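Taking it in order: structure first as structure tokens, then the write-up.
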Amino acid sequence: MKALKERILRDGKCFEGGILKVDNFINHQMDPILMKSMAVEFVRRFASTKINKVLTIEASGIAPAIMVGYLLELPVVFAKKKKPSTMENMLTTTVYSFTKDRSYDVCVSSDYLCPGDKVLFIDDFLANGNAAKGIIDLVRKAGAELVGMGFLIEKSFQHGGDYLRQQGVHVESLAIIESLDNCQIKIKE
Ligand code: 5GP
């Protein structure tokens with residue numbers, strides 16, 4: 001998606017270990033106009049997919065997910081990173097975070113992720129695919145169906161996208177970063 005690619009080149013910053021910082025418009029300060037355009041693009045790309053629920057993980061996925069849910073007029077559920085003591089019918093999985101170098105539990109209530117749900121997962125980044133694998137596990141535990149995964153930014157050099165596509169998942173990424181070597185942002189045309 002042209003507008004996102006241009007914005008990444010303008011405002012994105014590289015960090016050691018293959019991390020792209022987009023705090024200026026996605027992860028800290030947020031640009032709602034760009035966020036809306038990205039959601040419109042997801043709606044276009046998943047137009048032929050039957051969806052009844054949008055799923056994401058807190059915190060950075062919530063903004064794009066709610067925009068998509070708003071446009072599709074569908075409920076948006078976010079998986080939580082802290083187990084609330086009050087959550088009923090909890091489904092959990094463990095996710096390894098490479099940016100934080102630790103594992104954490106992610107949970108969602110089966111009141112909101114239900115058998116038969118056709119789930120579109122939306123997140124900010126796809127890197128090694130660990131968060132996505134956790135989501136696949138949660139959706140399976142809920143007896144729901146994963147119908148697609150949409151990412152604002154995919155870092156193809158970390159191969160999570162290869163894994164998901166090999167598993168037959170319909171993956172859509174709005175910008176694909178091929179390399180961050182020598183702190184140079186290389187985006188797929
Ligand atoms: P994965 O589980 O695919 O390895 O990583 C995905 C998660 O890690 C995303 O939800 C995102 O929060 C975080 N992440 C991975 N790579 C980056 C990055 O380069 N920049 C930022 N800001 N977050 C990242």
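This one's a predicted model, so the numbers in the text were calculated from it and none came from an experiment. Atoms within a ligand are numbered from 1 in the order they appear, just like the ligands themselves.
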Interfacing atoms of ligand 1 (cut-off 4.0 Å, heavy-atom, [X]):
X: Asn128; value: 1 (P), 3 (O), 4 (O)
X: Leu20; value: 18 (C), 19 (O), 20 (N), 21 (C), 22 (N)
X: Asn130; value: 1 (P), 2 (O), 3 (O), 4 (O)
X: Asn27; value: 22 (N)
X: Ile19; value: 18 (C), 19 (O), 20 (N)

Hey, quick one: are [X] and [Y] part of the same hydrophobic cluster, counting side-chain heavy atoms closer than 4.5 Å, chains of contacts allowed?
X: Ile51; Y: Met38; result: yes
X: Leu55; Y: Leu164; result: yes
X: Ile187; Y: Leu126; result: no

In the protein, which heavy atom is nearest to atom 23 (N) of ligand 1, and how far is it?
Phe125 CD1, 3.5 Å
Using a 4.0 Å heavy-atom cut-off, which part of [X] comes near ligand 1: side chain, backbone, both, or neither?
X: Val22; answer: neither
X: Val95; answer: neither
X: Lys155; answer: side chain

Counting only nitrogen or oxygen atoms and a 3.5 angstrom limit, does Ser60 reach ligand 1?
no
Just do the side-chain hydrogen bond (donor to acceptor under 3.5 Å, both in side chains) check on Asn24 and Arg10 with the steps written out, would you?
CA-CA 10 Å; Asn24 174 287; Arg10 196 180 89 196; 5.4 Å; no
Of Ala131, Gly129, Gly161, which has the heavy atom at the shortest distance from atom 3 (O) of ligand 1?
Gly129
Minimum non-hydrogen distance to atom 9 (C) of ligand 1, winning option of Ile177, Leu152, Leu164, Asp124
Asp124
Pair Lys133 + Asp137, salt bridge at N-O below 4.0 Å:
no
Do the ring planes of Phe121 and Phe151 sit parallel (below 30°), tilted (30 to 60°) or perpendicular (above 60°)?
perpendicular
To the nearest 0.5 Å, what is the distance between CZ on Arg165 and NE2 on His159?
12.0 Å
